[in-house]
Amino acid sequence: MAATLAAAMAAAALAAQESPSYTLGGEVEARPFARYAGSGNFAASDLSYGQASVLGLELAAAGERARLAVSTEAAVLSGSAAADAWAAAGAATYAGLDSAGLLLVPAYSAAAGPAAPPTLLEARIRALYLKLDFDWLSLTAGRQVVKYRRGELWSPTDPFTELDLSGLSPVRRGSDALRLVLPLGATGAFDLVAAPSAGFSRGRYAARLSGLLSGVDAAAIGYRDGGAGAWSFGTDFKVDLGLSLDGEALCSIPDAGTAWVRAACGADYSFGDFIVAAEYYYNGGGATADPNAPGSHNAFATLSWKASDFLAVAATLVDGISSGSWTAALTASLDAAQNAELGAYARCVYLGTASPAPWIAESGLDIKVKF
Amino acid sequence: MKCRTIRMAAALAAAVAASLAAAGAQTSPSAAAILARLDSNESFKSISYSGRMEITIGGETRYKTMDSVAQGADKAFTEFTNPEDRGVRYLKIGKDLWIYFPKEQDTVKISGHLLQEGMMGSDVSYQDALESQDFLAKYSASLKGREAVGGRDCYEIELDAKLPTAAYDRRLLWIDAERFVTLKAEMYARSGKLLKASATLEVAKVGERWYPSKVEFASKLRADTKTVFSMTKIALDAPVDPRRFTMAALSK
């Protein structure tokens with residue numbers, strides 16, 4: 001963190017020497033929701049209410065060769081939203097600022113028990129990085145999103161981006177990393193990323209070669225995950241054949257034990273005012289390889305309908321075929337005014353027979369204003 | 001999420017304005033000669049400008065602002081500056097189009113089947129923006145006659161597609177007989193159905209040339225919609241750094 005701040009200050013100083021342009025923007029978001037969580041037998045105690053009020057700020061200073069970007073998010077959480085954050089903190093066994101850059105006030109304490117305070121302040125640094133651009137290379141240091149995804153939901157060849165599925169749509173969290181990119185022509189790149197974590201031996205280190213070949217976006221990646229003690233090698237592609245197709249495959253070879261494979265493939269297509277997309281994901285590594293989708297076979301499908309020029313409706317299903325869990329969601333998004341969006345959603349989650357309270361039903365609003 | 005992606009737009013304005021507001025003409029000569037004259041007026045080696053897109057749908061208006069640079073008809077780079085889309089960038093190289101989302105630091109290649117969608121919810125499709133300006137290569141041209149548009153004498157040119165890669169099967173252009181800018185255009189499907197129309201609202205003098213600086217587009221497939229695209233700070237044929245049209249520039 002200290003290194004990131006130092007880099008940021010250095011960037012600010014550098015950018016100041018180059019008469020940079022500054023931009024400051026952000027968004028205010030309110031997400032009230034009601035929830036049922038239980039065994040399927042309804043009781044008043046199974047119902048709850050929660051709300052998250054979020055302020056996001058983004059600052060960028062860009063000169064000819066340097067760019068500083070800061071993106072932060074602070075949320076006031078109450079009711080079930082606070083309980084979710086408290087439970088997540090307990091599961092992560094962290095106190096204060098953790099590796100994901102999350103700050104909880106009051107800080108989580110196991111001694112305080114599982115009951116969350118009625119209100120929590122949650123703050124996160126989404127990005128804080130300095131980027132230096134030269135003609136033949138760029139260097140980015142700090143918290144950043146290194147995203148190698150092809151698919152909409154699952155990306156086995158993406159080792160640096162944590163997938164957060166707690167919100168209405170998947171959010172990919174950044175990581176503290178040092179990234180070196182050597183452009184190869186207009187559309188290609190050789191990419192080196194190091195995320196040393198707490199110690200060099202436990203960090204992640206990747207090399208990736210990507211480019212556009214005969215209309216196919218393709219890449220090959222190799223990386224070392226010191227924390228997991230494994231080497232991984234993979235490839236991914238995206239191609240348009242009227243139908244858009246993408247695929248990823250990764251083979252992980254642990255220092256001890258048996259190698260495993262993860263692979264995903266997807267397609268999307270539009271007809272009239274509808275867009276349909278589907279993905280299949282095979283996870284041969286279980287929960288160790290991907291805690292979000294521990295089962296071997298997983299599927300995702302979505303159907304979007306542009307109901308009017310300002311209103312879009314989408315139905316989504318995520319099915320953990322092997323684990324027996326699934327999530328179904330219906331969302332509506334209204335372009336309510338200039339820079340203002342109104343969303344509404346309803347979703348149903350089934351956690352599987354192993355859970356004592358396997359059913360979750362939730363409905364809420366998402367009101368967002370950007371500035 | 002995908003819908004939002006689709007609606008995100010590139011005002012690859014050079015391509016848009018030049019493409020929909022097309023082709024040039026000269027008095028009495030053949031349609032080809034008129035188009036050649038138009039090209040000499042409206043075509044460019046490079047263009048840069050600040051743009052504003054006002055999208056009106058059923059009385060509701062949204063605006064997008066952007067800075068764009070383009071080289072010929074094949075390369076364009078646009079960065080949006082309005083609050084909702086600030087920092088979103090578009091890169092067009094030939095027939096390929098990528099979008100960069102700054103908050104997610106994510107670059108997405110636009111799927112081919114989405115290229116017919118309106119950019120940023122506008123009446124201008126990705127396909128419109130990506131089409132080459134070279135009408136003579138893709139269309140057979142004929143002079144239909146002369147007609148006044150907004151009180152100005154115009155040549156009426158009909159273009160019929162001769163290549164399957166043409167974005168429309170038939171186009172009608174009304175070209176100012178004095179300034180050789182397109183004042184009005186209509187685009188038709190093979191069935192004869194009117195798909196899209198444009199009207200030039202303002203023409204600017206850039207150096208020695210006349211250039212359409214404010215154009216209204218209307219998709220005839222959508223009810224009660226229009227998009228007004230205006231350009232300021234227009235610079236034609238100024239030197240452009242070729243590194244602007246690379247994937248590296250998208251995430252710079």
Side-chain angles (χ1 to χ4, degrees), chain A residues 23 25 27 56 58 60 62 67 69 71 126-127 131 133 135 138 144-147 149 152 168-172 174 181 183 185-189 210 212 215 217 238 240-244 268-271 275 277 302 304-306 308-310 312-314 333 335 337-341 370-371, chain B residues 1-7 54-58 60-64 75 79 81-87 91 93-96 98 101-118 121-123 219 222-225 241-252:
Chain A
T23 57
E27 61 191 31
E58 289 168 38
R67 176 181 183 81
S71 176
R126 292 188 294 220
K131 185 171 187 180
D133 265 300
D135 296 340
S138 72
Q144 58 191 294
V145 182
V146 181
K147 194 179 293 184
R149 77 175 174 101
E152 187 73 14
L168 272 181
S169 54
V171 174
R172 287 168 168 83
V181 179
T187 59
S210 62
L212 181 68
D217 257 335
K238 181 171 183 178
D240 286 325
L241 302 169
L243 181 76
S244 179
D268 61 85
Y269 187 70
S270 62
F271 53 99
I275 301 172
T302 183
S304 302
W305 174 41
K306 186 179 175 184
S308 76
D309 289 298
F310 292 135
V313 180
S333 178
D335 185 354
Q338 182 77 42
N339 302 324
E341 290 179 17
K370 295 186 176 182
F371 56 89
Chain B
M1 186 163 58
K2 212 132 206 167
C3 274
R4 196 181 313 177
T5 300
I6 297 163
R7 289 158 52 115
E54 291 184 359
I55 306 158
T56 302
I57 303 169
E60 289 275 322
T61 299
R62 304 284 185 269
Y63 75 86
K64 313 283 180 184
K75 295 179 179 178
E79 179 168 352
T81 53
N82 58 294
E84 194 170 4
D85 311 301
R86 185 183 290 120
L91 171 67
I93 302 176
K95 282 289 185 185
D96 295 307
W98 291 267
F101 299 97
K103 185 176 175 182
E104 297 85 1
Q105 292 180 257
D106 192 13
T107 300
V108 176
K109 188 172 187 293
I110 292 295
S111 298
H113 63 84
L114 300 179
L115 294 177
Q116 294 177 2
E117 296 282 340
S122 75
D123 295 274
S219 169
R222 307 196 302 175
D224 199 15
T225 72
D241 186 345
R243 289 169 298 191
R244 296 291 299 275
F245 309 110
T246 62
M247 296 288 282
L250 261 186
S251 57
K252 186 173 182 178

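Order of the sequence lines sets the chain letters (A, B, ...), proteins ahead of strands, with each chain counted from 1.
- When atom types are taken as modelled, the side chain of A/Lys131 and the backbone of B/Ser251 share a donor-acceptor pair closer than 3.5 angstrom.
- By the side-chain contact (heavy atoms from CB on, under 4.5 Å) test, B/Lys75 pairs with B/Gln71, B/Phe245, sequence neighbours left out.
- In terms of heavy-atom pairs under 4.5 Å with chain B, the best-connected choice from A/Lys147, A/Glu58, A/Gln144, A/Glu27 is A/Lys147.
- Using a 4.5 Å cut-off on side-chain heavy atoms (C-beta onward), B/Trp98 and A/Thr187 make contact.
- Here A/Ser210 pairs with A/Ala189, A/Arg208, A/Ala219 under the side-chain contact (heavy atoms from CB on, under 4.5 Å) rule; sequence neighbours left out.
- Contacts between A/Ser138 and chain B at a heavy-atom distance below 4.5 Å are absent for every atom of the residue.
- Most heavy-atom pairs under 4.5 Å with chain A, from the set B/Glu104, B/Glu60, B/Arg62: that is B/Arg62.
- For the options A/Ala340, A/Ser71, A/Ala337, heavy-atom pairs under 4.5 Å to chain B are most numerous at A/Ala337.
- Contacts of B/Thr81 with chain A are absent, with no heavy-atom separation under 4.5 Å from either backbone or side chain.
- With a threshold of 4.5 angstrom between heavy atoms, A/Asp217 approaches chain B through side-chain atoms but not through N, CA, C or O.
- Using a 4.5 Å cut-off between heavy atoms, A/Leu212 touches chain B through its side chain atoms alone.
- B/Tyr63 is not listed as a side-chain neighbour of B/Thr56, based on a closest heavy-atom distance of 4.5 Å or more.
- With respect to chain A, the highest number of heavy-atom pairs below 4.5 Å among B/Thr246, B/Asp106, B/Thr107 belongs to B/Asp106.
- Counting heavy atoms from C-beta on, the side chains of A/Phe371 and A/Asn339 never come closer than 4.5 Å.
- The contact between A/Val145 and chain B is made by backbone and side chain atoms together, counting heavy-atom distances below 4.5 Å.
- The shortest side-chain heavy-atom distance between A/Asp240 and B/Lys109 falls under the 4.5 Å cut-off.
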